[in-house]
Amino acid sequence: MIKNGFNIKTIEDEKIIGKKIIVRVDYNVTLTDKLTIADDARIRQSLPTINYLLKNQNKLILLSHLDRPEKRDPKYSLKIVQKYLQTFFPNHKVKLIDDFLNEEDQKQITSQKDNEILIFENIRFYKKEKANDAGFAQKLASFAQIYVNDAFGVSHRNDTSVVGISKFLPAYAGLLLKKEIEMISGILKKPKKPFVAIIGGAKISNKINLLSKLLDLADYLLIGGGLANTFLCAQGLEIGKSFCEYDEVEEAKKLLFLAAAKNTAVILPKDVVISDSKNTENSGQVKKINEISKIGSILDIGPETQAAFGAIINKAKTIVWNGPMGYFENPAFKRGTDFLYYAITHNQEAVSIVGGGETLAAISKKEYLDKISHISTGGGAMLEFIEKGTLPGIEVLKK
Ligand code: ADP
Ligand code: MG
């Protein structure tokens with residue numbers, strides 16, 4: 001049973017032996033431009049659940065999405081994940097099922113051998129995955145006797161493989177989902193103050209609601225990354241060719257206004273690193289935010305901003321962070337993100353939660369991992385869980 005008031009059964013609460021089980025995992029891994037896995041944390045963190053279920057002679061079918069394809073597209077195949085997963089299971093054959101709706105493929109599913117782990121091809125190749133479609137859910141459920149959700153990172157989505165399917169099978173939480181729920185809700189039950197929330201990444205559109213909720217919890221909201229550009233724009237600053245969601249400028253304005261009313265300090269970049277190209281090898285130019293030319297793009301926070309963020313992080317007692325501070329994929333624009341890892345891990349008085357696919361892919365020193373209270377596999381899911389205290393994919397597991 002999950003602690004902290006969640007009435008949810010986990011796979012450890014009952015004897016699950018010799019069953020056929022669908023496990024929803026989150027293998028939405030970050031790939032490099034050479035199409036290798038940039039960060040395998042999500043795969044590694046799924047291993048305890050898989051190993052536990054295999055030990056009890058269960059046969060597993062893994063379901064996951066990768067990125068956001070809207071139809072079948074070889075670019076988003078889980079082949080790369082299947083190959084990588086195979087390296088962890090020398091005594092099993094990890095088999096990719098190309099299309100579970102195809103009759104030939106269905107034969108492979110029904111004749112699954114004891115030493116086989118099946119993984120269905122990218123579940124977002126099917127339009128009905130995003131529609132939480134009952135027929136599609138039932139079809140998926142027909143291949144198994146039990147459903148396990150171990151995909152915290154996607155539990156904020158009303159998708160068929162996260163929500164719909166649980167109506168048709170006995171449903172349990174996996175060990176990773178359990179850990180995420182217990183850790184995050186435990187830390188946030190009575191967060192110590194000052195509470196500092198740090199939000200970066202590219203898009204503001206999918207984080208705007210969460211930002212307004214974070215204002216209730218946090219004493220400071222530090223905003224960096226591409227997301228900050230929309231706020232700079234809302235303040236009437238020239239941001240040149242920087243990434244910006246112009247449709248969200250009004251929302252950003254409202255948020256700044258709301259922050260003042262709630263007495264939460266929103267701290268935006270004071271200086272930034274700009275360049276005329278994302279892919280340059282030179283390290284860009286540091287500019288104050290009122291000195292940006294019409295041709296420049298903001299690609300990282302500057303040193304003065306690092307110092308300002310660092311000073312606030314240093315006196316925090318609770319820290320939550322999602323979203324890189326810049327276009328870290330190019331090392332030239334990774335300094336702001338690196339600095340945040342440095343600052344957070346050097347405040348050992350605070351409890352810290354860091355999450356998000358790209359945020360974790362940006363970790364440059366392994367020793368940082370041990371100095372963060374909880375590394376969450378979720379980005380958007382983590383923020384929404386903090387905001388609401390639960391998620392749709394968690395609610396459907398309640399009995
Ligand atoms: P996470 O996956 O950790 O939740 P997001 O998906 O929200 O994070 O955002 C990560 C992306 O944001 C990265 O690919 C990064 O390059 C991009 N990004 C951050 N800052 C900038 C910027 N200034 N300009 C363009 N892209 C940015
Ligand atoms: Mg991301």
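Whatever order the structure lists them in is the order used to number ligands and atoms, beginning at 1.
- At a cut-off of 2.8 Å, measuring from the Mg ion (ligand 2), the protein N, O or S atoms that fall short of it are E358 OE1, waters left aside.
- Under a 4.0 Å criterion applied to the non-hydrogen atoms of P324, ligand 1 contributes the atoms 8 (O), 9 (O), 10 (C), 19 (C).
- Atoms of ligand 1 found under 4.0 Å from any heavy atom of L299, numbered from 1 in the order shown, are 23 (N).
- Nearest non-hydrogen protein atom to atom 18 (N) of ligand 1 is G326 O, 3.7 Å.
- Note: an N/O pair closer than 3.5 Å links G226 and ligand 1 by distance alone.
- Distances between N or O atoms of E329 and those of ligand 1 include at least one value under 3.5 Å.
- Only the side chain of N322 comes within 4.0 Å of ligand 1, counting heavy atoms alone; its backbone N, CA, C and O stay farther away.
- Each of the atoms 7 (O) of ligand 1 lies under 4.0 Å from some heavy atom of K207.
- Per-residue contacts place G225 under 4.0 angstrom from the following atoms of ligand 1 (heavy atoms of the residue considered): 20 (N), 23 (N).
- When only interatomic distances are considered, the shortest N/O to N/O separation between A202 and ligand 1 falls below 3.5 Å.
- Remark: aromatic rings of F309 and F339 are distant, center separation not under 6.0 Å.
- Near G357, meaning under 4.0 Å from any of its heavy atoms, are these atoms of ligand 1: 1 (P), 2 (O), 3 (O).
- Hydrophobic clustering (side-chain heavy atoms under 4.5 Å, transitive across Ile, Leu, Val, Met, Phe, Trp, Tyr) groups I22 together with Y126.
- Of all heavy-atom pairs spanning H65 and D26, the tightest one is CE1-OD1, 4.0 Å.
- Looking at L217, V351, I353 one by one, the single match for side-chain contact (heavy atoms from CB on, under 4.5 Å) with T318 turns out to be V351.
- In this pair, F136 and F100 present their aromatic rings tilted. The plane angle is within the 30 to 60° band.
- In this structure, L47 is a member of the same hydrophobic cluster as Y84, with clusters built from ILVMFWY side-chain heavy atoms closer than 4.5 Å.
- Interface atoms of ligand 1 facing G201, defined by a heavy-atom separation under 4.0 Å, are 7 (O), 9 (O), 10 (C), 12 (O), 19 (C).
- Contact between I375 and Q45 at its shortest, heavy atoms only, is O-NE2, 4.2 Å.
- Note on ring orientation: taking the six-membered ring where Trp is involved, the planes of F333 and Y327 are tilted (angle from 30° to 60°).
- Residue-ligand proximity: K203 is placed with every non-hydrogen atom at 4.0 Å or more from ligand 1.
- Listed by atom number, the atoms of ligand 1 under 4.0 Å from T359 heavy atoms are 1 (P), 3 (O).
- Of the polar atoms of M325, none of the N or O atoms is found under 3.5 Å from an N or O of ligand 1, judged by distance alone.
- Contact record, S364 with K334: CB-NZ, 3.5 Å, taken as the closest heavy-atom pair.
- Contacts classified as side-chain hydrogen bond (donor to acceptor under 3.5 Å, both in side chains) and involving residues 211-221 (residues at least two apart or in different chains) are given here: K193-D219, D216-K262.
- Inclusion of N229 in the set of residues having an N or O under 3.5 Å from an N or O of ligand 1 is not warranted.
- Nearest residue to atom 23 (N) of ligand 1 from I298, L227, T337, I239 is I298 (criterion: closest heavy atom).
- Linking ILVMFWY residues whenever their side-chain heavy atoms come closer than 4.5 Å, directly or via other members, leaves V273 and L237 in distinct clusters.
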